[in-house]
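Before any comments, here is the structure.
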Amino acid sequence: MSSSVLVTAERSAGLLVRAGWYVELTKPRIASLVLVTVAVAAFVGNWGPPSPWLLWHTLIGTALVAGSASALNQWAERHSDQRMPRTADRPLPSGRLTSREVLVFGTSLIVTGTLYLAWTVNLSTAALGLLTWFLYVFAYTPLKSVAPINTAVGAVAGAMPVLMGWSAVEGSFELSGGGLTVATLFLIVYLWQFPHFMAIAWIYRRQYQSAGLRMLTVVDPSGMRAGVQAVVASLALLPVSLL
């Protein structure tokens, strides 16, 4: 094998590795859950399978917006991520990608995703996507180092994909029509996140504390307040789901 072929192969392998780092920034596992939520809301809102092309465009645009939110969340938390073993190996704190590369990548995704949703789906879905991104990047992320209310704010952002999927096929949320249904779906996803978040916050409470993040399990090390929030939200899911 010639040296030029080896160099080409090495460059290709290097590009694939770097592409993998950028994909890692988008948190694919979380993004996949977001897309499932959008798809389910679209099916319910349409009372059956929506247009395949409409659903495809909605999922593509949502994936771009969600990827941007995850990337810019890591950009904003790059210093605290370095102090937590759970996150120290992410592309930015580990030094695999630079701060500028992540910032450009995240910004490009939100611009592209918003324009894509506006062009291929509708303006309301694009606006909801942008609002979700704003809540996650500019409200939830900075609040993590300020007050434990960050969980309640982050749960709103986490439930917003329900509205995006519904808006893609319906475009409105009248309470006289399907508004109660979409509100119920929103509340189910919103409430579910509290036991989920509190479990993670309890497991990694010492890491959160060393990183300076004001999670409820850091503010109240006994875990009582976190436990109460998790149980109350779980119990609330029962009557809400009956709606």
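Basis for what follows: all heavy atoms, side chains included, without hydrogens, waters or symmetry-related copies. Predicted model only: the values in this text are computed from it and were never measured.
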Donor-acceptor pairs under 3.5 angstrom involving side-chain atoms of residues 223-243: please list them, not counting sequence neighbours.
residue : atom : partner : partner atom : Å
S234    : OG   : A230    : O            : 2.8
S241    : OG   : L237    : O            : 3.0
S241    : OG   : L238    : O            : 2.8

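Atoms CH2 and OG1, from W53 and T120 in turn, are 11.0 Å apart once rounded to the nearest 0.5 Å. Between the CZ atom in R86 and the OH atom in Y208 there is a gap of 4.0 Å [rounded to 0.5 Å]. Atom CE of residue M198 and atom CG of residue L216 lie 5.0 Å apart, to the nearest 0.5 angstrom. In this structure, Y116 OH and T58 OG1 are separated by 9.0 Å, a value rounded to the nearest 0.5 Å. To the nearest 0.5 Å, atoms CG (L64) and CD1 (I60) are separated by 7.0 Å. Remark: F138 CZ to W133 CH2 distance equals 4.5 Å, nearest 0.5 Å.
With hydrophobic clusters built from ILVMFWY side chains whose heavy atoms lie under 4.5 angstrom apart, L109 shares a cluster with L117. Taken together through direct or relayed side-chain contacts under 4.5 Å among Ile, Leu, Val, Met, Phe, Trp and Tyr, Y136 and L143 form part of one hydrophobic cluster. With hydrophobic clusters built from ILVMFWY side chains whose heavy atoms lie under 4.5 angstrom apart, I200 does not share a cluster with L33. Transitive grouping of hydrophobic side chains (ILVMFWY, heavy atoms separated by less than 4.5 Å) brings L163 and L191 into a common cluster. Under the 4.5 Å side-chain contact rule for hydrophobic residues, V36 and V34 do not share a cluster.
Two residues are said to be in side-chain contact when any heavy atoms from C-beta on lie closer than 4.5 Å; F197 and N150 fail this criterion. Using a 4.5 Å heavy-atom cutoff, the side chains of Y190 and V162 are not in contact. At least one side-chain heavy atom of Q207 sits less than 4.5 Å from a side-chain heavy atom of P85. Using a 4.5 Å cut-off on side-chain heavy atoms (C-beta onward), V23 and P28 make contact. Here the side chains of P52 and L54 are not in contact, with every heavy-atom distance at 4.5 Å or above. In this structure, the side chains of K27 and R90 come closer than 4.5 Å at one or more pairs of heavy atoms. Using a 4.5 Å cut-off on side-chain heavy atoms (C-beta onward), T181 and W166 make contact.
No donor-acceptor distance shorter than 3.5 angstrom exists from the side chain of T107 to the backbone of V104, with no hydrogens or angles considered. In this structure, Q193 contributes its side chain and A155 its backbone to a donor-acceptor pair below 3.5 Å. Side-chain atoms of T132 do not come within 3.5 Å of backbone N or O of M160 as any donor-acceptor pair. Formation of a donor-acceptor pair under 3.5 Å by the D81 side chain with backbone atoms of L92 is not found in this model. At distances below 3.5 Å, at least one donor-acceptor pair connects side-chain atoms of R83 with backbone N or O atoms of A211.
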- Message: Does E101 form a salt bridge (Lys or Arg N to Asp or Glu O under 4.0 Å) with R18? I'd like the steps, not just the answer.
- Response: CA-CA 11 Å; E101 288 173 328; R18 286 186 64 81; 2.8 Å; yes
- Query: Which is it for R214 and V146 under the side-chain contact (heavy atoms from CB on, under 4.5 Å) test, yes or no, and what are the steps along the way?
  - Reply: CA-CA 6 Å; R214 304 283 291 172; V146 176; 5.7 Å; no
- Message: Please determine whether side chain to side chain donor-acceptor pair (under 3.5 Å) holds for the pair N73 and S70, giving the CA-CA distance in whole Å, both sets of side-chain angles, and the decisive distance to 0.1 Å.
- Response: CA-CA 5 Å; N73 166 265; S70 293; over 6 Å; no
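Between P91 and E24, the shortest heavy-atom distance links the atoms CD-OE2, 3.6 Å. When all heavy atoms of L128 and S167 are compared, the closest pair comes out as CD1-CB, 3.7 Å. The shortest heavy-atom contact between T217 and A201 is OG1-O, 2.8 Å. Taking every heavy atom of both residues into account, S68 and G106 meet most closely at OG-O, 2.6 Å. Between A42 and P50, the shortest heavy-atom distance links the atoms CB-CG, 4.2 Å. Closest approach of M84 and L213 over heavy atoms only: SD-CD1, 4.1 Å.
A parallel orientation is assigned to the rings of W192 and H196, their planes being inclined by less than 30° (bins at 30° and 60°).
Residues E77 and K144 are paired through a salt bridge, judged by an N-O separation under 4.0 Å between the basic side chain and the carboxylate.
Atom OH of Y204 has 12 or fewer neighbouring heavy atoms from other residues, nucleotides or ligands inside a 6.0 Å radius. Atom CZ of R78 sits in a crowded spot, with more than 12 heavy atoms from other residues, nucleotides or ligands closer than 6.0 Å.
Under the 3.5 Å distance criterion, with hydrogens and angles disregarded, a donor-acceptor pair is assigned to the side chains of R96 and S94.
Residue pairs satisfying the side-chain hydrogen bond (donor to acceptor under 3.5 Å, both in side chains) criterion with at least one member in residues 32-49, sequence neighbours excluded, are absent.
For the ring pair (Phe, Tyr, Trp, His ring centres under 6.0 Å) criterion with F105, the lone passing option out of W75, Y22, W21 is Y22. None of I110, L135, V65 except one satisfies the side chain to side chain contact (heavy atoms under 4.5 Å, CB included) rule with L130; the exception is I110.
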